[in-house]
**Q** 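Structure provided below as structure tokens; questions to follow.
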Amino acid sequence: MADKTPDTAAENVQKVIQVAGSITVGELAELLNLSVTTLIGELFKNGIIATINQKIDFETATIIVEELGLDVVLEKKEVATGPTREEHTLSDKAVERPPIVAVMGHVDHGKTSLLDAILETKTVEGEAGGITQHISAYQVEKGGRKITLLDTPGHEAFAALRQHGATLTDVVVIVVAADDGVKPQTIEAIRFAREANAKIVVAINKMDKETANPQLVKTQLATEHNLNPEEWGGDVIMVEVSAKTGAGLDKLLENVLLVADIEELKADEHVPAKGLVIEAHMETGRGSVVGLLVEHGKLHPGQFLVAGTSYGKIRTLLDFKGAALKEAGPSTPVTVTGFKDLPQFGDEFGLVKSEKEARQATVANRLERERQAAETNVTGADILKLMSQKQEAADFNVIVKADVQGSLTSVMDSLRLIDTQGAVTLRIVGSGVGNISENDVHLAATEGTVIYGFNVDLPPAVKRQAARDKVEVRMYKVIYELLDNAKESMEALIAPEVVETVTGGLTIKGVFRTLKDEVICGGEVTSGKIVPGVMARVTRKDEVLAEVEVTKVQRNQVEAKEVFEGDMCGLSLKTNKKLVLELEDKLEFFTRELVKKTL
Ligand code: GDP
């Protein structure tokens, strides 16, 4: 495509241009009757380094058109999107299945402790001890009935899962600490539960604490979040528990089952097994280790599975304790080995008859994903984000690359959900599908960003370039590990808070010597005390003149360690510029401390 050098934007009077989900820079330039260089320049101004063949999405194109002040209206041409998850229609042979429960809530309100406590008391003695590694789902028994507990690896992953149409939770237990009440992540959890159409059971935790105030929690939930406790005539079960003492845990599980009963949860056992990937990682010696949650049908060792673009023959089928299973039916969390490569969190898995069929299915899935992925290299959300940057907060700049569009979306969404309470702004400077490229490194070097690669490769040449340009490339295969790393990095960016404490005051009563960087004077301590080494602000009629350091304090011509309110003293002040003090000037003594903040 030849560049059209003279820009003829002005001649474009309210032209309507149809653009599909995405368009290459070259095509857009042609449609807009602009030179490619102008367009690339405009993208560059917005922090996007794009080549002529790179695709940008509709939103980005719209923003660029507006920025250029063109009289063009872009209209979105609707294109069919990829396959969405097929709804399973229950047969009349469907049987009751255990409820799938997620435990959510604000950090430190006791989610982990609660899960641990439930596991400890509700799994058969001795067996819980066998759980040596982190597993993303467990099963417990209550009154001979099973409950599947998801150890949701954080709200982020839950959100990502939901984004892919996977609403696998039946009940969300929202943990609220009785001594802390409703907090931001409590609200987020309520929102997630509602959006996922899950039933809510509230666990008011830490009831063993003296400061526990369950009534306040209930009032907050009822008045501000429309969750009305059953005991007040509402329809939300709220159970007071203590993960520490174990009190109320039985009642909590009973109520989870009660809520589940109302839902009449059912599944088909006699259909080919299907469900969702809830964890996937590589392990030395075992290869791919994949956590699955069976939704329908039964899994057996030796079956061929397809999940997204991965397939494999089930080599080992293990329950959450690591014990080998002969079969696993609906709502059972299992770990399987045998996948050729890692499927993605949230992928749906299904059975196929042979390796050949498995390969064909993954090829079809891969093509579909690639087609979707090709749609977009740069998204409008990224650039809007860039344009609305506030500079006060520290920025954490990242470029995200992932193998397929689905994981790219989950990683970016999850990153955006990391709550820094405004302390750090996450800027996704660039994103795309595919291996880390020289372009990415180049952009990262100019923008000072970290590159996150998710399930992608870092070609040796690019690696060398990154080392040369001092660009940090962080590669991950497990989303939570990536998110943990991002969170840590953001924490490290939060500027420590400066806390000043006023320790005393003094009024100048005599000035004895004024040197270039020192003043020797005397005064009366009017409040608190003065000690050598303390900092002081010098003010005259409310105007701050300088900040000085008290290097020496004397009382009755002898050096003193401290002089208190009401006493006269002599002092030496260290200044960084000549300071001419006058009688009745005031000193305010203070200490300054740096307090590290965490997320
Ligand atoms: P999470 O961040 O929600 O998973 O919270 P944790 O389970 O890590 O708990 C946070 C802190 O609260 C830990 O120090 C726990 O020991 C404490 N904690 C959790 N549950 C209880 C409880 O019922 N009573 C008391 N006193 N402390 C608890």
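Nothing fancy with the numbering, it's 1 onward along the sequence. Side chains included, hydrogens not; waters and symmetry mates left out as well; all remaining heavy atoms used. Each ligand, and each atom within it, is numbered from 1 in the order the structure gives.
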**Q** Please tell me if atom 25 (C) of ligand 1 is touched by the protein, where touching means a protein heavy-atom distance below 4.0 Å.
**A** yes
**Q** Can you name the closest pair of heavy atoms from Met238 and Asn228 and give their distance?
**A** CE-C, 4.4 Å
**Q** Determine whether Lys199 and Asp170 satisfy the following criterion, salt bridge (Lys or Arg N to Asp or Glu O under 4.0 Å), listing intermediate values before the conclusion.
**A** CA-CA 6 Å; Lys199 291 284 150 199; Asp170 305 307; over 6 Å; no
**Q** Would you call Glu327 and Lys298 a salt bridge, taking side-chain N to carboxylate O under 4.0 Å as the test?
**A** yes
**Q** Under 3.5 Å, N or O to N or O, is Met207 touching ligand 1 that way?
**A** no
**Q** Taking only non-hydrogen atoms of His106, do any sit less than 4.0 angstrom from ligand 1?
**A**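 Yes.
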**Q** For ligand 1, which atoms, with element, lie under 4.0 Å from some heavy atom of Lys111?
**A** 1 (P), 2 (O), 3 (O), 4 (O), 5 (O), 7 (O)
**Q** Are more than 12 heavy atoms, taken from residues, nucleotides or ligands other than Glu231, located less than 6.0 Å from that residue's CD atom?
**A** yes
**Q** For atom 7 (O) of ligand 1, what's the nearest protein heavy atom and its distance?
**A**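 Here the nearest protein heavy atom works out to Ser113 OG, 2.5 Å.
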**Q** Does some side-chain heavy atom of Leu114 sit less than 4.5 Å from a side-chain heavy atom of Asp116?
**A**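 No, their side chains stay 4.5 Å or more apart.
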**Q** Which heavy-atom pair separates Ser431 from Lys401 by the least distance, and what is that distance?
**A** C-CD, 4.5 Å
**Q** Where do Val456 and Gly453 come nearest, in terms of heavy atoms and distance?
**A**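 Heavy atoms of Val456 and Gly453 come nearest at CG2-CA, 3.7 Å.
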**Q** Note the single closest protein heavy atom to atom 20 (N) of ligand 1, along with its residue, its atom name and the distance in Å.
**A** Asn205 ND2, 3.1 Å
**Q** Taking only heavy atoms of Lys209 into account, list the atoms of ligand 1 that are under 4.0 Å away from them.
**A** 26 (N)
**Q** Flag Gly110 as yes when one of its N or O atoms lies below 3.5 Å from any N or O atom of ligand 1, and as no otherwise.
**A** yes
**Q** Heavy-atom contacts with His109 under 4.0 Å: which atoms of ligand 1 show up? List them by number with element.
**A**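 Counting from 1, the qualifying ligand atoms are 3 (O), 5 (O).
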**Q** Do me a favour and list the nearest non-hydrogen protein atom to atom 17 (C) of ligand 1 with residue, atom name and distance?
**A**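 Answer for atom 17 (C) of ligand 1: Lys206 NZ, 3.9 Å.
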**Q** Just wondering, more than 12 heavy atoms not from Asp235 lying within 6.0 Å of its CG?
**A** no
**Q** Ignoring hydrogens, tell whether any protein atom lies closer than 4.0 Å to atom 14 (O) of ligand 1; use the non-hydrogen atoms only.
**A**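 For atom 14 (O) of ligand 1 the answer is no, since every protein heavy atom stays at 4.0 Å or beyond.
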**Q** Only heavy atoms of Ser242, strictly under 4.0 Å: list the atoms of ligand 1 that pass.
**A**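 Close to Ser242: 23 (O).
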**Q** Under 4.0 Å from any heavy atom of Val107, which atoms of ligand 1 are there?
**A** 2 (O)
